[in-house]
Amino acid sequence: MLVLGLETSCDETAAAIVARQSDGSGIILANIVLSQHALHQPYGGVVPEIAARAHVEALDGLIKEACVACGRRLSALDAVAATAGPGLIGGLLVGAMSGKALASVLGKPFLAINHLEGHALTPRLTDGLAFPYLLLLVSGGHTQILLVEGVGAYRRLATTIDDALGEAFDKTAKLLGLPAPGGPAVEHAALRGQPARFTLPRPMLGRAEPYFSFSGLKTAVRIEAERHAPLDRGDIADLCASFQAAILDVLSDRLNQAIDTLRRQNRLPEVLAVAGGVAANRAIAGRLTELANENGLRLIVPPPALCTDNGAMIAWAGAERLTIGQQDGLASPTRARWPLDPEAESAPWAGAKA
Ligand code: KG4
Ligand code: ZN
C-alpha cells in the first residue's frame, strides 16, 4: 500500500511517500521537509498568512520531489493523506485541498489526518510497535500523556493547563536571544551550562492532578535573565541548562504519576514511547531512558527527523486508517482545533491548548 502524506499545519511544508507492507511494517520511500524558519525569523514567531502562502508556493514542487526521490509516479499511489488539523487554518486548507484534488484526479481514497495522530502512530512506523503503549506527546502546541490503544483510540491521561513544552522552549530561547526554533537552540546551549546555577521552579511536581504547567517556569527564566542582564554566553548556557533540568524533573514526575495510576489499575503497557518535536531532545531521551528502566518499561524514541513535523507520519497514519477500512470524503473539514481524545475533560484554565 503506497500512500502520499502532506503536512502543512504550521511552518514546515512536507511531502512523503510511505509503503505499508502486508506484514504491517512501514517503509519510508521519500520524506521531503521544507522549513519556513527563515521566512518567519524577522517577525519573532510564525505569521499564519506568510505560512499559508509559503505552503502554496512550495507544496506541488515537494510532491514532485518526493515522487522523483523514490521513482514512483502519482498513478502508483493507493491513497493520499493530508493533515486536516489541528493547526493554522490557512496552511491546513492548502494541504487538505491539494490532497483532495490529487485524490480526486487519481480516483484514490483521501484521508484527513489529525496531526497529533501522525505523531502518536510514528513509533509504529519506526519500530513496528504493537498496541497498547504509553505515549508522551510533546510538541510546539501540545503536551500530553496518552494511552494509545489502537488506531483512533487514544485516552488522554494528562495535558498542560497553559503553555505546551515546545512553546516553553521557544519562548525561553526568544527571551535569551537564541534563534528559532528555540528547542534545538536551548538544548545546544544547555550542553555548555551548569544546571544547578539557577534555582527554577518545577511546576506541578508531586501534584495528584494529571496536569503539566510551564508558563511559571518560563517567567522564572525571564526574571533571572533580567536580574543578571546583560547576559554573557556563560549566563545564557547556565539558564538553558537550569531550565532543561527543571523540565526533566517535571516530565519524570508527571510520567511516574501516570505510570503509578495505570499500574494500580492493571492497565500499564510494556512500552513507553515519545513523539512530537520536543522528543528530538537528547537530554529528555536520556532521562526517559532512566525512567523506563526504573519502571521496567521498554522505551521507544523515534529518530529526531521523525519527531519534528514531517510528511511520513501523515502518510503512515493514512495507511493505518486505510488498512482498517477508513477514508474521508472530499467534503471533510479542516479543523484548527481537533482533540485526539474527544472524551477527555477540558483541563481547568486550559483555554485552547488542551
Ligand atoms: O512537532 P513539532 O515539529 O511541531 C508541532 O506540532 O508543534 O514540534 C515543534 C516544537 C518546537 O517548539 C521546537 O522548538 C521543539 O518542538 N523542538 C525541540 C527540539 N527540537 C524541536 N525542543 C527541545 N529540544 C529539541 N531538540
Ligand atoms: Zn507536530
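Atoms within a ligand are numbered from 1 in the order they appear, just like the ligands themselves.
Considering only residues two or more places apart in sequence or on other chains, Ser104 meets the side-chain hydrogen bond (donor to acceptor under 3.5 Å, both in side chains) condition with none of them. Qualifying side chain to side chain contact (heavy atoms under 4.5 Å, CB included) partners for Glu187, counting only residues two or more places apart in sequence or in other chains: Gln244, Asn281, Arg282.
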Open item on the list: Assess the residue pair Leu272 and Leu255 against the criterion (side-chain contact (heavy atoms from CB on, under 4.5 Å)); give the C-alpha distance rounded to whole Å, side-chain angles, the decisive distance to 0.1 Å, and a yes or no.
Closed with: CA-CA 10 Å; Leu272 168 65; Leu255 275 167; 4.1 Å; yes
Open item on the list: Is there a side-chain hydrogen bond (donor to acceptor under 3.5 Å, both in side chains) between Ser252 and Arg287? Walk through the geometry before answering.
Closed with: CA-CA 7 Å; Ser252 304; Arg287 177 62 74 92; 3.1 Å; yes
TODO: List the steps and the verdict of side-chain contact (heavy atoms from CB on, under 4.5 Å) for His119 and Asp309.
DONE: CA-CA 8 Å; His119 282 306; Asp309 287 351; 3.1 Å; yes
Open item on the list: With side-chain contact (heavy atoms from CB on, under 4.5 Å) as the criterion, how do Leu165 and Thr160 come out once you've worked through the C-alpha distance, each side chain's angles and the decisive distance to 0.1 Å?
Closed with: CA-CA 8 Å; Leu165 184 51; Thr160 178; over 6 Å; no
Open item on the list: For a side-chain contact (heavy atoms from CB on, under 4.5 Å) check, start with the C-alpha distance between Leu134 and Leu146, then their side-chain angles and the critical distance, and finish with the verdict.
Closed with: CA-CA 6 Å; Leu134 188 61; Leu146 297 154; over 6 Å; no
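Around NE2 of His188, the count of heavy atoms belonging to other residues, nucleotides or ligands within 6.0 Å does not exceed 12.
Of the protein's non-hydrogen atoms, the one nearest atom 24 (N) of ligand 1 is Asn281 ND2, 3.1 Å. Counting only heavy atoms of the protein, atom 26 (N) of ligand 1 lies nearest to Glu187 OE1, 2.7 Å. Scanning the protein for heavy atoms near atom 4 (O) of ligand 1, the closest one is Asp309 OD2, 2.9 Å. Scanning the protein for heavy atoms near atom 14 (O) of ligand 1, the closest one is Asp170 OD1, 2.6 Å. Counting only heavy atoms of the protein, atom 18 (C) of ligand 1 lies nearest to Gly183 CA, 3.5 Å.
Figure legend: cation-pi geometry between Arg124 and Tyr133 absent, as NZ or CZ is not positioned both under 6.0 Å from the six-membered ring centre and within 45° of its axis.
Looking at Ala190, Gly276, Gly277, it is Gly277 that brings a heavy atom closest to atom 21 (C) of ligand 1. Proximity annotation for atom 19 (C) of ligand 1: of Cys10, Pro184, Pro181, Pro184 comes nearest, heavy atoms only.
Outside the 6.0 Å centre-distance limit, the rings of Phe243 and Phe198 are not counted as a close aromatic pair.
Shown in contact with Thr308 at under 4.0 Å from a heavy atom are these atoms of ligand 1, numbered in order with element: 3 (O), 21 (C). The ligand atoms of ligand 1 that sit less than 4.0 angstrom from a heavy atom of Gly166 are 12 (O). Of all atoms in ligand 1, listed by their number and element, those nearer than 4.0 Å to a heavy atom of Gly141 are 7 (O). Near Gly140, meaning under 4.0 Å from any of its heavy atoms, are these atoms of ligand 1: 5 (C), 7 (O), 8 (O), 9 (C), 10 (C), 12 (O).
Under a 4.0 angstrom heavy-atom cut-off, His115 registers as being in contact with ligand 1. Using a 4.0 Å heavy-atom cutoff, His119 is listed among the residues neighbouring ligand 1.
Protein N/O/S atoms found under 2.8 Å from the Zn ion (ligand 2), listed by chain and residue number: His115 NE2, His119 NE2, Asp309 OD1.
With hydrogens and angles left out, the side-chain atoms of Asp162 and Ser213 include a donor and acceptor closer than 3.5 Å.
Applying the ring pair (Phe, Tyr, Trp, His ring centres under 6.0 Å) test to residues at least two apart or on different chains, none of the pairs has a partner in residues 282-318.
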